[in-house]
Amino acid sequence: MEEKKEPLNFIEEFIEEDIRNAKHAGRVHTRFPPEPNGYLHIGHCKAIVINFETAKKYGGKTNLRFDDTNPSTEETEYVNSIKNDIRWLGYDWEDREYYASDYFGQLYEYALKLIRKGLAYVDDSTAEEIAAQKGNTSVPGTESPYRNRSVEENLDLFERMKAGEFPDGARVLRAKVDMASPNMHLRDPVIYRIKRDHHHRTGDDWLIYPMYDFAHGQSDSIEGITHSLCSLEFIHHRPLYDWFIEHLEIFPSRQIEFARMNVSYMITSKRRLLKLVNEGFVTGWDDPRMPTIAGMRRRGYPAEAIREFCMQTGVAKRDNLMEIERLEHYVREVLNRKSLRVMAVLDPVKLIITNYPEAQVEFMDVENNPEDPEGGTRQVPFSKELYIERDDFMEEPSKKFFRLAPGQMVRLKSAYIIQCDDFVKDPATGAVTEIRCSYFPESRSGADTSGLKAKGTLHWVSAAQAVRAEVRLYDRTFTDPEPTGHEDRDFMEFFNHDSLKRITDALVEPGLREAAPGQSFQFIRKGYFCADVDSTAKRPVFNLTATLKDSWKGGS
RNA sequence: AGACCCAUGGUGUAACGGUAGCACUACAGAUUUUGGUUCUGUCUGUUAAGGUUCGAAUCCUUAUGGGUCUACCA
């Protein structure tokens with residue numbers, strides 16, 4: 001009767017083992033702990049999805065906790081953008097919005113406890129001296145001359161650090177762990193420093209601030225987090241994480257590390273992303289070429305696609321570089337299902353239907369979305385004078401060119417079959433300026449009695465009613481799948497200077513005048529596009545989200 | 001160079017001592033009023049060498065390769 005078990009990732013295996021052992025009464029509670037000092041990007045998406053989805057799977061909850069222990073880098077602006085991005089991604093932390101700074105008082109008490117247990121001391125050494133004491137990976141550290149101060153002296157000094165008696169950096173509180181440990185994080189790590197900075201939440205209440213290692217695990221513990229899921233680089237911190245919990249005798253959260261996700265042609269380094277923004281390579285943190293959530297949103301990537309991408313690509317401990325094609329696959333999958341099909345001509349060339357009545361306008365029923373049976377149709381004007389895509393015409397067509405060419409027939413999508421009779425070229429440039437066709441009145445879409453069949457179908461717009469639009473064609477931000485992976489080359493050498501092509505005179509069907517920013521469309525035969533916030537009533541702006549897959553070998 | 005982590009097709013991830021599977025990509029074909037979608041098919045894999053075992057991707061040893069760590073950042 002046993003059902004076939006769906007495979008578990010290693011985190012789920014740990015959790016199910018804990019559940020079997022009735023640890024924490026089978027409760028599962030995770031957290032997403034961003035530092036509010038930057039914008040969330042694709043790498044964070046993976047962490048968000050893992051934390052929220054894992055908890056959800058086991059009927060648990062996920063807290064949002066801002067890791068704001070460093071007053072000099074953190075700002076409220078980031079708090080707001082982070083919350084907005086997580087919500088947009090589709091996750092809800094309900095009323096569990098916490099801040100490590102909420103625990104400053106408790107953390108201070110924990111420090112006192114450690115001092116009383118003889119497990120922490122105030123060190124007067126300079127930062128350089130402390131670094132020197134730590135030794136290196138092959139040489140054990142040396143003990144600080146202040147390591148064996150009495151509990152009373154430590155208590156007094158720490159109290160005075162808090163009271164502001166010493167200048168910034170003059171003294172620190174260190175945990176007394178093991179100066180000979182091969183794990184450098186255990187060589188008496190600094191756990192409190194003096195910093196006279198204004199904190200975004202606690203203002204000027206504190207002059208001393210806890211370090212990450214003395215805040216994160218304890219915050220997990222205070223919140224009753226059962227499984228603290230983080231990326232691999234924190235694996236060396238785990239012994240310390242456990243050490244504090246053990247010696248503080250507090251709720252035993254468990255840290256589990258997974259490999260962060262990397263995506264080809266994307267970078268996630270805050271410093272490097274900042275460079276793109278600051279030096280004007282992109283227009284801002286929400287530029288559609290940025291791997292930030294804000295950028296992907298503006299690009300038109302649906303949240304569902306990003307979630308699906310993060311979920312379906314699994315969780316493991318080995319380094320990985322996900323192909324961006326995989327992300328685009330989920331983007332297309334969602335958009336194919338949901339987006340309205342419309343006609344837009346990106347590179348227009350005029351087409352005259354010579355035998356069509358001069359002033360006539362017909363309204364054609366056009367399918368909104370063939371993937372959606374309930375999608376319905378809308379009416380699109382058709383007339384004698386149209387525009388089609390320049391590369392849908394070839395003066396001397398190749399064998400498999402199913403589009404327009406002298407003597408060749410095509411169907412105009414949802415309209416008539418036409419045949420090309422003639423074309424006009426600009427004698428100076430050689431460019432085609434006008435294509436002249438005749439149509440077959442009995443071939444009207446939906447009522448075709450002509451018996452004709454055309455190999456190709458073209459999209460079009462009616463010249464008189466078309467709306468001029470700006471279309472921004474985005475390509476990979478970098479020309480190399482791993483721009484930061486070259487020791488001898490700077491990542492900026494791989495910046496794709498053609499990553500944005502701006503088309504200012506595209507012609508789109510009239511209904512697109514009302515496109516709401518953020519709305520996604522499929523421009524038939526071209527790709528998925530998303531109305532941009534720069535759109536105005538006069539001129540809509542569309543961003544290329546992803547092209548359609550194109551299996552035409554002679555394709556454009 | 002120490003400690004720790006990791007190693008399965010091009011990419012990512014399963015197989016928990018018993019037939020190496022799935023997804024993406026690529027390629028080929030069918031369908032198609034989007035050269036889209038859908039459907040079908042094909043290619044390519046256990047880093048290496050030993051050992052344990054009736055049997056090893058899986059357990060052990062060594063090697064090789066990759067990654068992480070040595071902030072008063074998180």
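Labels below follow one simple rule: chain letters A, B, ... track the order of the sequence lines, proteins then strands, and each chain is numbered from 1.
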*Pick base, sugar-phosphate or nothing for A/Thr313, based on heavy-atom distances below 4.0 Å to the nucleic acid.*
sugar-phosphate
*Could you tell me the separation between the CD atom of A/Glu74 and the NE2 atom of A/His198, rounded to the nearest 0.5 Å?*
12.5 Å
*Counting any heavy atom closer than 4.0 Å, what does A/Arg187 reach on the DNA or RNA strands: base, sugar-phosphate only, or nothing?*
nothing
*Taking atom types as modelled and ignoring hydrogens, do the side chains of A/Ser138 and A/Asn136 form a donor-acceptor contact shorter than 3.5 angstrom?*
yes
*Polar pair under 3.5 Å, donor/acceptor by atom type, side chain A/Arg403, base B/rG35*: yes
*Is any NZ, NE, NH1 or NH2 atom of the basic residue among A/Arg147 and A/Asp123 found under 4.0 Å from an Asp or Glu carboxylate oxygen of the other?*
no
*Quick one: label A/Thr69 by what it contacts on the DNA or RNA (base, sugar-phosphate, nothing), any heavy atom closer than 4.0 Å.*
sugar-phosphate
*Is any side-chain N or O of A/Ser551 closer than 4.0 Å to OP1 or OP2 of B/rG36?*
yes
*At under 4.0 Å between heavy atoms, what does A/Val139 touch on the DNA or RNA strands: base, sugar-phosphate, or nothing?*
nothing
*For A/Val190, report the nucleic acid contact type (base, sugar-phosphate, nothing); a contact means any heavy atom under 4.0 Å.*
sugar-phosphate
*Is any N or O donor-acceptor pair between the side chain of A/Arg341 and the base of B/rU34 shorter than 3.5 Å?*
yes
*Please measure how far the P atom in B/rA28 lies from the corresponding atom in B/rC43, and state the result in whole Å.*
15 Å
_Both distances below 3.5 Å, Watson-Crick or wobble geometry, any strand: find the nucleotide opposite B/rG21._
B/rU13
*Just call it for A/Pro370: base, sugar-phosphate, or nothing, with non-hydrogen atoms closer than 4.0 Å on any strand.*
base
*Touch check for A/Leu412, heavy atoms < 4.0 angstrom, all strands: base, sugar-phosphate only, or nothing?*
nothing
*Which pair of non-hydrogen atoms, one from A/Leu404 and one from A/Val410, has the smallest distance, and what is that distance?*
N-CG1, 3.7 Å
*How about A/Thr268 and A/Arg260: does a side-chain donor come under 3.5 Å of a side-chain acceptor?*
yes
*Taking atom types as modelled and ignoring hydrogens, do the side chains of A/Arg341 and A/His459 form a donor-acceptor contact shorter than 3.5 angstrom?*
no
*asked:* Between P on B/rG35 and CG on A/Leu404, what's the gap in Å once rounded to a whole number?
replied: 13 Å
*Nearest-Å distance for atom pair CZ/C1', residues A/Arg332 and B/rG35*: 14 Å
*B/rC73 phosphate, OP1 or OP2, under 4.0 Å from A/Arg193 side-chain N/O*: yes
*Using the C1' atoms only, state how far B/rC54 lies from B/rG17, rounded to an integer number of Å.*
11 Å
_Between B/rG35 and B/rG66, how far apart are the two C1' atoms, rounded to whole Å?_
42 Å
*Between P of B/rU25 and CD of A/Gln312, the distance in whole Å*: 14 Å
*For the side chain of A/Met211, starting at C-beta, report the closest nucleotide among B/rA1, B/rU8, B/rA74.*
B/rA74
*Mind checking who B/rU42 pairs with, Watson-Crick or G-U wobble, both distances under 3.5 Å?*
B/rA26
*Which whole-number value in Å describes the distance from A/Lys526 NZ to B/rG36 P?*
13 Å
*What about A/Gln522, does its side chain sit under 3.5 Å from the base of B/rU34 through a donor-acceptor pair?*
yes
*Measure distances between side-chain N and O atoms of A/Ser445 and base N and O atoms of B/rU33, and say whether any donor-acceptor pair falls under 3.5 Å.*
yes
*Considering only the P atoms, how many Å lie between B/rU8 and B/rU47, rounded to the nearest integer?*
6 Å
*Which is true for A/Gly141 with a 4.0 Å heavy-atom rule: it touches a base, it touches only sugar-phosphate, or it touches nothing?*
nothing
*Kindly say if A/Lys553 contacts the phosphate of B/rA28, meaning a side-chain N or O under 4.0 Å from OP1 or OP2.*
yes
*Does A/Lys195 come within less than 4.0 Å of A/Asp168, counting only side-chain N to carboxylate O?*
no
*asked:* Categorize A/Lys455 for me: base, sugar-phosphate, or nothing, with a 4.0 angstrom heavy-atom threshold over every strand shown.
replied: nothing
*asked:* Counting the atoms with a prime plus P, OP1 and OP2 as sugar-phosphate, which does A/Glu371 contact under 4.0 Å by heavy atoms, base, sugar-phosphate, or nothing?
replied: base
*Strand partner of B/rC4, provided both Watson-Crick or wobble distances fall under 3.5 Å*: B/rG67
*Go through the N and O atoms of the side chain of A/His236 and the base of B/rU68, and report whether any donor-acceptor pair is under 3.5 Å.*
yes
_Among B/rG67, B/rC69, B/rC72, which nucleotide has an atom closest to any side-chain atom of A/His185?_
B/rC69
*Taking the C1' atom of each, how far is B/rU62 from B/rU44, in whole Å?*
30 Å
*For B/rC73, which nucleotide is its Watson-Crick or G-U wobble mate, given both distances must be under 3.5 Å?*
none
*Could you give the distance separating B/rA7 and B/rU13 at their C1' atoms, to the nearest angstrom?*
14 Å
*Nucleotide of B/rU37, B/rA74, B/rG35 approaching A/Asp67 most closely (side-chain heavy atoms)*: B/rA74
*asked:* Under 4.0 Å, heavy atoms only, any strand: does A/Glu367 hit a base, just the sugar-phosphate, or nothing?
replied: nothing
*Using whole Å, report how far CG of A/Leu157 lies from P of B/rC72.*
19 Å
*asked:* Does a side-chain N or O of A/Arg318 approach OP1 or OP2 of B/rU13 to a distance below 4.0 Å, or not?
replied: yes
_Which nucleotide, if any, forms a Watson-Crick or G-U wobble pair with B/rG55, using both distances under 3.5 Å?_
none
*Across the strands shown, which category fits A/Ala127 at heavy-atom distances under 4.0 angstrom: base, sugar-phosphate, nothing?*
base
*Between A/Gly314 and A/Thr137, which is nearer to the 5' end of RNA chain B once each is assigned its nearest nucleotide?*
A/Thr137
*Under 4.0 Å between a side-chain N or O of A/Lys270 and OP1 or OP2 of B/rC73?*
no
*P atom, B/rA49 versus B/rA57: distance in rounded Å?*
13 Å
*asked:* Assess whether a salt bridge exists between A/Asp550 and A/Arg525, defined as any Lys/Arg side-chain N lying under 4.0 Å from an Asp/Glu carboxylate O.
replied: no
_For a quick check of understanding: with a heavy-atom distance under 4.0 Å over all strands, which category does A/Tyr192 fall into, base, sugar-phosphate or nothing?_
nothing
*Would you say the base of B/rU34 and the side-chain of A/Arg525 have a donor-acceptor pair closer than 3.5 Å?*
no
*Rounded to the Å, how far apart are A/Arg196 CZ and B/rC72 C1'?*
14 Å
*Report yes or no: is there a donor-acceptor pair, N or O only, under 3.5 Å between the side chain of A/Glu323 and the base of B/rG10?*
yes
_B/rG9 versus B/rA15 - spacing of their P atoms, nearest Å_ = 16 Å
*Let me know the distance between NZ of A/Lys317 and P of B/rC5, rounded to the nearest Å.*
7 Å
*asked:* So A/His237, base contact, sugar-phosphate only, or nothing? Heavy-atom distance under 4.0 Å.
replied: base
*Whole-Å gap separating C1' (B/rU68) and CG (A/Leu186)*: 16 Å
*Just checking, is any N or O donor in the side chain of A/Tyr528 or A/Gln522 under 3.5 Å from an acceptor N or O on the other one?*
yes
*Determine the interplanar angle of the A/Tyr39 and A/Tyr78 rings, folded into 0 to 90°, and report it as parallel if under 30°, tilted if 30 to 60°, perpendicular if over 60°.*
perpendicular
